[in-house]
Amino acid sequence: MSTSSPARGAEEFVAALRGLSYRYWGSHPFHVRMHAGELSEHELRVWAANRWYYQSVLPRKDAAIISNCPVPEVRRDWLDRIVYHDGTAEGDGDSGRERWLRLCEAVGLDRAEVLDERHIVPGVRFAVDAYVTFARTRPWVEAVASGLTEMFSGHLMQRRVGDMLANYSWIRREDLVYFTNRIDAVSEEGKSTLDIVVRYCVTREQQDQAIAALSFKCDVLWSLLDAIERAAMKE
Ligand SMILES: O=C(O)c1cc(C(=O)O)c2c(n1)C(=O)C(=O)c1cc(C(=O)O)[nH]c1-2
């Protein structure tokens, strides 16, 4: 990687980031089967219980970004993500955590078995922990860039709601409130994340590192679904 190449213009940089969409987990075979209505109830339970681990560590990943970031505006902006997932008070039904738990219950899991993480498989733990470690140890703007998968997720979640309602007769719209609520939040966050990355990645090398960070995150999500798919096959 040459540090002497000139920096990309903003448009070219954004196009390079967006160009990674083909590696996004939207095209993973497990998601394809989920959207087509081909997952069994057991497979949906394995998915919901394991993805809980991702949901539950997001605030720690975001806190790591804040702890490494010297820019007050970015820290202030980033704080909202922690509050979004954790809520503002214990037992707050209006939090990402609670909405995910609601989805878990809808697919037939009880809260206790989700919260005690008994269903989490090693590959999921490994992939998700790698995401948190990345945020703790890499420069803050790379960790921010790794969250840019959110640019691709709004459209996917929109489709997921429609496809799940059409293909799993026992799932109701209220059960999918995690996604319906998240769709707007994600497109807002995706835009502000992209603004931050474009603003603070000014050298060619920083831009390359941001692209590599997004690529790494695509691997995290893909590995997570690989592990879920494999775990769900047993039974
Ligand atoms: O359902 C999805 O496909 C999906 C994808 C992603 C993503 O692309 O990282 C996130 C979410 N959902 C999500 O709900 C969420 O809160 C979230 C936070 C982050 C992140 O990296 O900080 N990604 C995602």
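Counting from 1, the numbers follow the sequence of the chain as shown. None of these values were measured; they are calculated from a predicted model. Each ligand, and each atom within it, is numbered from 1 in the order the structure gives. FYI, side chains are in, hydrogens and waters are out, and symmetry mates aren't considered; it's all heavy atoms of this structure.
- For the residue pair Y168/E41, the side-chain donor-acceptor check at 3.5 Å is not satisfied.
- Contact check on E98 versus R111 returns a salt bridge, with a Lys/Arg side-chain nitrogen under 4.0 Å from an Asp/Glu carboxylate oxygen.
- Close approach of ligand 1 to W25 (heavy-atom distance below 4.0 Å) involves ligand atoms 2 (C), 3 (O), 4 (C), 5 (C).
- No part of R81 comes within 4.0 Å of ligand 1, judged by heavy-atom distances.
- Residue L221 has at least one heavy-atom neighbour below 4.0 Å for each of these atoms of ligand 1: 7 (C), 8 (O), 9 (O).
- Proximity of a side-chain donor or acceptor of R75 to a complementary backbone N or O of C69 within less than 3.5 Å is detected.
- Short contacts between ligand 1 and Y178, defined as distances under 4.0 Å to a heavy atom of the residue, involve ligand atoms 13 (C), 14 (O), 15 (C), 16 (O).
- Atoms of ligand 1 lying under 4.0 Å from at least one heavy atom of F179, given by number and element, are 1 (O).
- With ligand atoms numbered from 1 in the order given, ligand 1 contributes 20 (C), 21 (O), 22 (O) to contacts under 4.0 Å with heavy atoms of K61.
- Close placement of the F179 and W100 rings is indicated, their centers lying within 6.0 Å of each other.
- Protein heavy atom at the shortest distance from atom 21 (O) of ligand 1 is Y131 OH, 2.5 Å.
- Nearest-heavy-atom check against atom 10 (C) of ligand 1 across Y54, W100, F152 picks out Y54.
- Within the listing of ligand 1, atoms 15 (C), 16 (O), 17 (C), 18 (C), 19 (C), 20 (C), 22 (O) sit less than 4.0 angstrom from a heavy atom of L58.
- M151 CE to L20 CG: the interatomic distance, rounded to the nearest 0.5 Å, is 8.0 Å.
- Under a 4.0 Å criterion applied to the non-hydrogen atoms of R160, ligand 1 contributes the atoms 1 (O), 2 (C), 3 (O).
- Taking the six-membered ring for Trp, Y200 and W140 have ring centres closer than 6.0 Å.
- Under a 4.0 Å N-O distance rule, the pair D163/R160 does not qualify as a salt bridge.
- Nearest to atom 7 (C) of ligand 1 among the protein's heavy atoms is T149 OG1, 3.4 Å.
- At a heavy-atom cutoff of 4.0 Å, ligand 1 is contacted by the side chain of L156 but not by its backbone.
- A salt bridge does not link R99 with E174: every distance from a Lys NZ or Arg NE/NH1/NH2 to an Asp or Glu carboxylate oxygen is 4.0 Å or more.
- Ranking the protein heavy atoms by distance from atom 15 (C) of ligand 1 puts R182 NE, 3.4 Å first.
- In summary, the side chains of Y53 and D129 do present a donor paired with an acceptor at a separation below 3.5 Å, with no hydrogens or angles considered.
- Of all protein heavy atoms, the one lying nearest to atom 2 (C) of ligand 1 is R51 NH1, 3.3 Å.
- Between R33 and E229 there is no salt bridge, since no side-chain N of the basic residue sits under 4.0 Å from a carboxylate O of the acidic one.
- Counting the atoms of ligand 1 from 1 in the order shown, those under 4.0 Å from a heavy atom of Y24 are 3 (O), 5 (C), 6 (C), 7 (C), 8 (O).
- At a 4.0 Å cut-off, not a single heavy atom of H31 sits close enough to ligand 1 to count as contact.
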